[in-house]
Amino acid sequence: MRRIASVIVDVPTLQTNRPFDYIIPVDLIEHIEVGMRVVVPFGNRHIQGFIVDFKEQSDVKNLKEIIEPMDVTPVLNKELLHLGDFLSEKTLCFKIAAYQVMLPPALKAKYDKYLTLVQQEKSNELPDGLKKLFFYQNRVNWKDAEKFAPTSYLYRKAREGLFEVIYEVKSQGNKKKVLYYVPTTENVTEFQTKKDQLPKPLSPKQEEIYQFFVNEFKPHTVKQVEEQISNARAPLNALVDRGLLKKEEYEQYRDPYVNREFERTQPLPLTDDQQKAISPILQAIEENQDGVFLLNGVTGSGKTEVYLQSIQEVLNKGKEAIVLVPEISLTPQMVNRFKSRFGDLVAVLHSGLSLGEKYDEWRKIQRKEVKVVVGARSAIFAPFENLGIIIIDEEHENSYKQEDVPRYHARDVAIERSKIHNCPVVLGSATPSLESFARAQKGVYHLLTMDKRMNQVNLPTVEIVDMREELKSGNRSMFSEQLFEKMQDRIAKKEQIVLMLNRRGYSAFVMCRDCGLVVKCPNCDISLTYHKVTDQLKCHYCGFETITPKVCPECNSNHIRYFGTGTQKVEEELGKVLPEARVIRMDVDTTSRKGSHEKLLAAFGEGKADILLGTQMIAKGLDFPNITLVGVLSADSSLHIPDFRSSEKTFQLLTQVSGRAGRHKLPGEVVIQTYTPEHYSVQFAKNHDYLQFYQYEMMMRKRGQYPPFYYLTLIHINHENVQYVYSVAEKIASFLRSQLSPTTHILGPAASPIVKIKNKYRYQVLIKYKQDPNLPTALKKIIHHFHRDQIKHGLTISVDMDPYSLM
DNA sequence: AGCACGCCGACT
DNA sequence: GTCGGCGTGCTC
């Protein structure tokens, strides 16, 4: 008999990070399973928890009873529970945090529970009261249903498929709300009457806006109004005061592109390269072998077709597939390729979906209505029970590492799952991370190489232009002579151009040209970001906002200027030197609105522009046949970021963006402008020589004792008081030195590159180790030791095993 | 996280 | 004598 349940409660603290036992009430015994969420009494309140185990006996005497289950079927199966433990172990997070991250966020939020009648034909079997409820509505509030039928009946019937239990998110705190101005009347006629009855006539500006609403009698945002009438905010509010309009907040919904028709595609004949690459994968699928394949294929070599045909094989075996793609390339173009091949068997999970939509996709997986999931990082937790393959596209992308708790890497989770399911993992990239390629070299991963493009197209030729020489020869424009000539040529030939301004790590900022002051956040040690729309300066770390100063706060000079991401400036310049060119600009300013990213790309794809100008966001995934020239305006800026991966990132970026040129019939050319042409990242990118880059960079990493030669762990110590932070950091470092192996290097304490965020000083200790069995224990000890200070003094200590950014 | 318990100073 | 400050410890 299952009498007692062990529950991980939703209280994320050190002391509660263990199971608590509860008695299962007799009438719930047959409805409760491991992996379900339950409501339990904890102290004097009711909280959520996950059942992780059943037992006969408990050491605790006065057990309380479970109050009610929250699910009809478990939300975490055995495997996911195991993965949760794996995560909490590997990343040192609380179990509850690990479980939560695996579920769609809708299950975490506050919710209302409803019942819908799935099998309409059986409505006669329902108890009278329920029958009546379902007669008037197709969804019934759970609490109402309980008035007419025993809870256990509802659960049983839900499990049998008569009902479905639906969660609807109640608190939409994390959904985006937008303020609308809404006419206060039912129709236009009343609207006009109401205006005529006003004691005083409207001001001209108010009248103008009023007429705008008469013409389009529906809710509008300030933004919408201001597209036609500038400075509308104040008069809009005046109209609110005068009773003609009211303010209402609506939820922002996204245009769903879901119900679109997809033209079915058939498997394409594979090239020799593809054939060679796919056969060991197919073999692993066939033989239920786990293992990691690193598919190193140059841009345009047809990795996606290899994925598609591997998945087909998996589906033929009746199994399921997970495909991870970086969020940024999760565009309709990408999704279409999977939908077109596998149709309704595909679920898509990405950040653009609302909570409800994400939940719906997740339910499709859970109910086994789909067999393939395409999604960003968290899709790795898709609750499939019969996985046949896991694919991680653009394996080197850092978005696979979650930067807040739990700080997991999707690749590690994928490998853990592949061992459980005995299925292969395929890591695909034209420029694999050094870590992965090194493992492939050592034979830990199987290396599969595709070094030729499909359609017998060659990789584009790359020309490096030394901008110092350009300057010397008197060319002060941002386009070198070579690039400019080629641009003219392409425009004449009606071919398309991609121009990338490499500004990784930069955003718009305000600087005084006289004294060089950059306006910084008063709470954080970081430059404020300029927002053109509102003419404000914002801090990306703490949300501080201020009006852009007109004179320098330091020297009172009025030569205070706004330095953009640079794309606007390039656009202006293009307008001067190539006035006939049609330009689409893609940067944070033009793509901040949801869906605008896709729209701009679609317009470019339809040939509505000659030049696509953008920041590194354009480097990935575009595949348009007419692009024959790629220009990189400044290759250097990502080289000088203080990060041991900056060379790798630069090489990847240059290679990726070069890969946009000449993917189909027309040959491609690339021009890279740089002030450091001799840098190896630039030189190896010129020759598309990943291998050489790899060897050189490995040497650098070895010298610097960085991954993949050493593992890293980064500890952040934050507090308002500098001295206190430093003393804690100092204690941590010396404790570690006493506990860890002598071959382990402990660096610091040192101030973090961003020394202050939200008025808290940040210090860090970096651990480099090859293997150190004592590390997890030592880290846990540190966390325990400073636990008291953490709650008492607002000290925070965070540990990132395998950090991606050292900021 | 929340809340009770408990031990010290200031008050009707 | 009592009220309330918050430091400490527990929650099945």
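Just so it is clear: chains get the letters A, B, ... in the order the sequence lines come, proteins before strands, and each one is counted from 1. No experiment lies behind these values; they were computed from the predicted model shown.
- Contact annotation for Y22(A): backbone-only contact, meaning every heavy-atom pair under 4.0 Å involves sugar-phosphate atoms and none involves a base.
- With contacts defined as side-chain heavy-atom distances shorter than 4.5 Å, the pair T91(A)/Q402(A) does not qualify.
- Residue-level contact check: T16(A) touches the bases, meaning some heavy atom is under 4.0 Å from a base atom.
- Note on K358(A) versus E361(A): no salt bridge recorded, every NZ/NE/NH1/NH2 to OD/OE distance being 4.0 Å or above.
- Salt-bridge annotation for K90(A) and D412(A): absent, with no side-chain N of the basic residue lying under 4.0 Å from a carboxylate O of the acidic one.
- Counting only N and O atoms by type, the side chains of S351(A) and E327(A) include a donor and acceptor under 3.5 Å apart.
- Listed by first and then second residue, the salt bridge (charged side-chain N to carboxylate O under 4.0 Å, His left out) pairs that reach into residues 716-734 of chain A come to none, sequence neighbours excluded.
- Among the atoms of the strands shown, none is found under 4.0 Å from any heavy atom of P19(A).
- As a whole-Å value, the separation of Q15(A) CD from dG2(B) P is 14 Å.
- Within residues 94-102 of chain A, no residue has a heavy atom under 4.0 Å from DNA chain C.
- In this structure, N17(A) atom CG and dA1(B) atom P are separated by 13 Å, rounded to whole Å.
- Using a 4.5 Å heavy-atom threshold, the side chains of L83(A) and Y99(A) count as separate.
- In this structure, N62(A) reaches the sugar-phosphate backbone alone: every heavy-atom distance under 4.0 Å involves primed, P, OP1 or OP2 atoms, never a base.
- Residues F735(A) and H785(A) place their aromatic rings such that the two centres sit no closer than 6.0 Å.
- Put simply, chain A comes within 4.0 Å of DNA chain C, heavy atom to any atom, from dT8(C) to dC12(C), going 5' to 3'.
- A donor-acceptor pair shorter than 3.5 Å can be found between the side chains of D10(A) and Q100(A).
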